[in-house]
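Numbering of ligands and ligand atoms starts at 1, following listing order.
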Amino acid sequence: MEIVAAADSDERGLSLLKVVTVLQKVVVFVHSFTINKLRKHTSQISSTAGTSTMPDMREEDISTKVQEICQSLILGEELMREVCDRMEEEINKGLSKDTNPEATVKCFPTYVRDLPNGKENGRFLALDLGGTNFRVLLIELGDKCSMDSRIYAVPQPIMVGPGDGLFDHIAECMASFIKERDLGDEILPLGFTFSFPCKQEGLTKARLACWTKGFRCAGVEGNDVVELLKQAISRRGDVKIKICAVLNDTTGTLMSCAWKNHNCRIGLIVGTGTNACYMEKLEKVELWDEDRNDPPQVIINTEWGAFGDSGCIDFIRTEYDNNIDRESINPGRQLYEKMISGMYMGEIARQVLVHLVSQGLLFGGYSSDILLEKGSFFTKYISEIESDKVGDYNNCRNILEELGFNDATDADCANVRYVCTCVSRRAAYLAAAGVAVLLNRINEESVTVAVDGSVYRFHPHFHNLMVEQISHLIKPGIKFDLMLSEDGSGRGAALVAAVATRIAAIR
Ligand SMILES: Nc1ncnc2c1ncn2[C@@H]1O[C@H](COP(=O)(O)OP(=O)(O)OP(=O)(O)O)[C@@H](O)[C@H]1O
């Protein structure tokens, strides 16, 4: 009796399932029919409007609803100028003695007072820690620069484990590099590129202010990272080096470019994180309490990734930015960085895509499990999708297949591309706002900005978008160019060490 009843209810369940499946199909059909109608309607509206703010794509392919949802990511001229004004205010706060303790853009003086003259020479070691990989480099400066380097992974448990573990790992990689190249007998000068916010107290003393970019090693914040490195080296006892300088990758980028380009005054990174440094007149650096002799200037490491942590750019932040911040390992911190850099851009795009799906505006309203996973939409996908020619969705389709969407329509692809375009354009414009503020401060007739980082390097339009926006925001009469700076963290570190040695020899 019981068994029959169970079979009965199973059958009823199955029939119910069939009805639900048919209903779902009807809903999907009606839904995509409605969306297509809506798209046709939108394309008429757009073509009569005759304007396109996205020259690299056909805006008429994008539904009004999708455009409305992405509107919060679009920054018009007025907003951009407001961002610049607030960045200017925050930099002034960072440089002034009274306001620096509460400032979010810390503007740390780097103790690098001079740029290379192009005649630097010798052999140097460099360590580069600050993002996705850790590298050890051997650099030979002369007429040309030759470099030998090796990349070492920093395993995730080390990134969030005890500080000693991190520095032991660095020392171990360095020891194996030195051994492999038989450099044991030479005491080589070393530049340590450590690209996290540090308060420098000298050219070889840098206290970590706070970890960023996914690192969180205990016992390092507040301590001198050069000292921690020295301790790790002495724990091993098999490495002989002379640490000549600790620097940030922005400084390395600026120095590396300035080696041959004497107009270079700004270093910019748009990679895992974002940051910039620039050459500032000492008279504007109230914080500076060392000698004010020639040269009366110092490179300032702005640490602008933290711009907005005071709430001053909340007026442009979106629900997607809030979600990303909330789910990050450093909520409330590095808010400007979280809108710009490679660690977050893909995730911003994913958040928007998931929202569009939930509104029934993408993929017939059905997501894939992969798209719902945090971090599944890589920032490099944005570059790849935007590299497709207008109207061609080759890369886009491949990526969507990787994400579990095998039947994406052209309209889906156009919408995905539109989202990517909005996210990358906003990132490029925001980075441009910061650069424009620095150019206006420097106020020289012609300035080269040295840029590094995979987002700037590989995104197909990032450079052009930045140039376009900087041109709008700088004072008339200033000329600038953005130059890809090759290997700031290696060659730049060697150059800082070389310039420091030169200055020390003169004094
Ligand atoms: N093709 C690409 N287009 C856009 N972004 C990319 C691309 N490839 C990698 N990225 C992003 O660039 C970031 C890595 O940048 P980069 O290679 O400059 O690393 P890094 O030197 O470790 O970072 P940082 O300079 O901030 O310390 C990652 O977040 C990654 O998502």
Is there a heavy atom in M345 that sits closer than 4.0 Å to ligand 1? no
Check this for me - ligand 1, [X], N or O atoms closer than 3.5 angstrom, yes or no?
X	answer
S195	no
I269	no
D249	yes
G273	yes

Do we see a donor-acceptor contact under 3.5 Å between the side chains of Y336 and Q334? no
Which ligand 1 atoms, with their elements, are less than 4.0 angstrom from a heavy-atom of [X]?
X	result
F458	1 (N), 2 (C), 3 (N)
G130	27 (O)
M343	29 (O)

Six-ring centre of F196, K213 cation under 6.0 angstrom, axis tolerance 45°: yes
Cationic tip of R317 within the cone over F315's six-membered ring, i.e. under 6.0 Å and within 45° of the normal? no
Could you go through the side chain to side chain contact (heavy atoms under 4.5 Å, CB included) check for L129 and L166 one step at a time? CA-CA 10 Å; L129 178 76; L166 174 68; 4.2 Å; yes
Separation between CZ (R441) and CE (M279), nearest 0.5 Å, reads 14.5 Å
Start with the C-alpha distance between L138 and F177, add both sets of side-chain angles, then the distance that settles side chain to side chain contact (heavy atoms under 4.5 Å, CB included), and finish with yes or no. CA-CA 9 Å; L138 176 66; F177 182 90; 3.9 Å; yes
Given D452, T272, V270, V455, identify the one with the heavy atom nearest to atom 14 (C) of ligand 1. T272
Considering G453, A427, S454, which one's heavy-atom position lies nearest to atom 16 (P) of ligand 1? S454
